[in-house]
Amino acid sequence: MLAKPAGQPPRAIAEALAARLTADPRIVSAEVAGPGFLNLRLSPESWRAIVRAALVEGRDYGRSTMGRGVRVNVEFVSANPTGPMHVGHTRGAVFGDALAALLDFAGHEVTREYYINDAGAQVDVLARSAYERYREAHGLSPEIAEGLYPGDYLIPVGEALKAKFGDALLERPEADWLAPVREFATAEMMQMIREDLALLGVKMDVFSSEKAITASGKIEEAIAALRGMGLIYEGVLEPPKGKLPEDWEEREQTLFRSTAHGDDVDRPVRKSDGSWTYFAPDIAYHWDKVSRGFDQLIDVLGADHGGYVKRLKAVVSALSGGRVPLEVKLIQLVKLFKNGEPFKMSKRAGTFVTLRDVVEQAGPDVTRFVMLTRKNDAALDFDFDKVLEQSKDNPVFYVQYAHARVCSVVRKATEAGIVATDATLARADLGHLAHEAELALAKKIAEWPRLVEIAARGQEPHRVAFYLYELASDLHALWNRGNEDAALRFIQEDADVSRAKIALARAAGVVISAGLGILGVTPAEEMR
RNA sequence: GGCCCCGUAGCUCAGGGGAUAGAGCGACCGCCUCCUAAGCGGUAGGUCACAGGUUCGAAUCCUGUCGGGGCCGCCA
């Protein structure tokens, strides 16, 4: 890296650096290797200092100031208020929540936000579906026409409508009942969604309503702003390349010049009949987010929204004058398996697996951890049997087990009359930690602060999950070394020595606890 | 036709300009009179899809090809 600007061969630079660095007391040796690598060996005391720092700082150890003063809005889930959340939403919810927690740990000021699509045609469909259930509640047979939502979850909504409105809405034209039923049903759906989220332990800071944004005139405001920049015009779109759709015809409509901000084609904001497209409220919503003063926006969307990313970025770029970056995190599909067989999910057949199904069977900890063991842009296999098995196929148990072992050590020590609070341990003479296996664990603990920053910078919470697995592995390894070599057990005859060893275990426990906290997983104190 | 994601060990996946490419599962060999063996140690297993290019150096960056998935007109 330095070779070019310095105009010297890499090895020469490395040797020069090595000479200087060996003078530092914290560095035991600095050796040049290979074509110009510099291997530094830190003193055991450096690693012991890490253990002490972890104990003193506790769950704040590794917290970064990297995002200081940066206000980030993380929008996630944003499921339509038309039914219960399913597996796909679950992954988005877990990812968004963990990403928000990660950014928070890295020092950002984070807002978790849910955008309620409560204004489009889909909520009218919901209202019509609920109305049929309302009729059903009155003993009439429901007519669930093609395109309506057939799910049983609307039956109680029909009952509730009956309780609220009695028979006042029966035998009336749609114009009379559509609005009140829509209001009522979307409120019910949002209630259900909030409960689903609560099952997963996800708590939003802000719920934004499409309806409210639309009603407040923000669409017109945002479009006017874009128009002021010369980015809105009346025009005709090019037909799509390739084979032309059967009924393609040219239509003049209002377009957004998204190509000026990196998109491939301009996008319609008004239909030819003058009403807004779906895109228009989204423009307004992002305008709203920008005007609330966020420094960075993150949208967590399903992978099927991939074709939508460029226009969203274009809008935010235009409306913020390039000030606010928008990152869109696409969440790939969750493939369900049962008995090793793919498990087909169909909304129409009513065989779709809900968030509730998953969480009630697997529990929130397993659900969250498993869904975070893959990068967001790779598809995820979710095998019910493996997940329910609660075996070592489940990395979450492996990590929790490590934490439980640490807790177990502390319990045993306390029973043996050794004071083992973190405050006491932090004052222990860590000079008793000298074995390479012990220092190896300390080194892994030392990686935590840097890992947090890397993961936050890349917006990749899965890195935390993989790191915790490695940390747990190092702890289990050291634990088992105690089977062969009694000197490596955490609890020793000598109380001072014990405290040093337990301090190391606790330091690992503290990091596991903090890491699991980011992932939203409970650090188990014992395994049952 | 265009756009997005993926292609790394038998399987599931990490790594995303630097050293001998890592882990889990599966296979094989070992480890409990001892802090929880739900654990640990070891062995075997790889032309990092392919072809070019950039670079002192490419699994990693660029271009193209092939394979898998997803998306693409006033549907939200």
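In what follows, chains are A, B, ... by sequence order, proteins preceding strands, each numbered from 1. Note: hydrogens, waters and symmetry copies are ignored here, and every other heavy atom, side chains too, is used. Given the structure is predicted, the values throughout are model-derived calculations rather than measurements.
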Where the side chain of [X] is defined as all heavy atoms beyond and including C-beta, which of [options] is the nearest nucleotide?
X: Asn80(A); options: C71(B), A38(B), A76(B); result: A76(B)
X: Phe466(A); options: C4(B), A76(B), A14(B); result: A14(B)
X: Ala121(A); options: A76(B), C35(B), C5(B); result: A76(B)
X: Ser408(A); options: G39(B), C35(B), A76(B); result: C35(B)

Nearest whole angstrom, please: distance from the [atom2] of [N] to the [atom1] of [X].
X: Ile331(A); N: C6(B); atom1: CD1; atom2: P; value: 13 Å
X: Leu475(A); N: A38(B); atom1: CG; atom2: C1'; value: 14 Å
X: Leu330(A); N: C5(B); atom1: CG; atom2: C1'; value: 8 Å
X: Leu380(A); N: G69(B); atom1: CG; atom2: C1'; value: 14 Å
X: Leu312(A); N: C71(B); atom1: CG; atom2: P; value: 17 Å
X: Phe337(A); N: C11(B); atom1: CZ; atom2: C1'; value: 12 Å
X: Leu301(A); N: C5(B); atom1: CG; atom2: P; value: 15 Å
X: Tyr115(A); N: A76(B); atom1: OH; atom2: C1'; value: 11 Å

Using the six-membered ring wherever Trp is involved, compare the ring planes of Tyr469(A) and Tyr398(A) and label them parallel, tilted or perpendicular (cut-offs 30° and 60°).
parallel

Mind checking whether Phe279(A) and Tyr308(A) have parallel, tilted or perpendicular rings, split at 30° and 60°?
perpendicular

Within the structure shown, what part of the strands sits under 4.0 Å from [X] by heavy-atom distance: base, sugar-phosphate, or nothing?
X: Asp377(A); answer: sugar-phosphate
X: Arg270(A); answer: nothing
X: Arg374(A); answer: sugar-phosphate
X: Arg405(A); answer: sugar-phosphate
X: Thr277(A); answer: nothing

Polar side-chain contact Lys271(A)-G73(B) base: donor and acceptor under 3.5 Å:
no

Can you tell me whether the side chain of Asn480(A) and the base of G39(B) have a donor-acceptor pair closer than 3.5 Å?
yes

Base-pairing assignment for C50(B) (Watson-Crick or G-U wobble, both under 3.5 Å)
G64(B)

Paired with C35(B) by Watson-Crick or G-U wobble geometry, both distances under 3.5 Å: which nucleotide is it?
none

Distance check, P atoms only: C66(B) and G57(B), in whole angstrom units.
29 Å

Quantified in whole Å, what is the C1' atom distance between nucleotide A51(B) and nucleotide G41(B)?
43 Å

Side-chain touch Leu355(A)/His89(A), heavy atoms, less than 4.5 angstrom:
no

Heavy-atom side-chain contact between Glu327(A) and Gln459(A) under 4.5 Å
yes

What's the base orientation of C32(B): syn (chi within 90° of 0) or anti?
syn

If I compare all heavy atoms of Val464(A) with all of Leu451(A), which pair ends up nearest, and what's the gap?
CA-CD2, 4.0 Å

The residue, Ile454(A) or Glu525(A), whose nearest nucleotide of RNA chain B is more 5′ is Ile454(A)

Is it true that, when you exclude Glu252(A) itself, more than 12 heavy atoms of the residues, nucleotides or ligands shown sit nearer than 6.0 Å to its CD?
yes

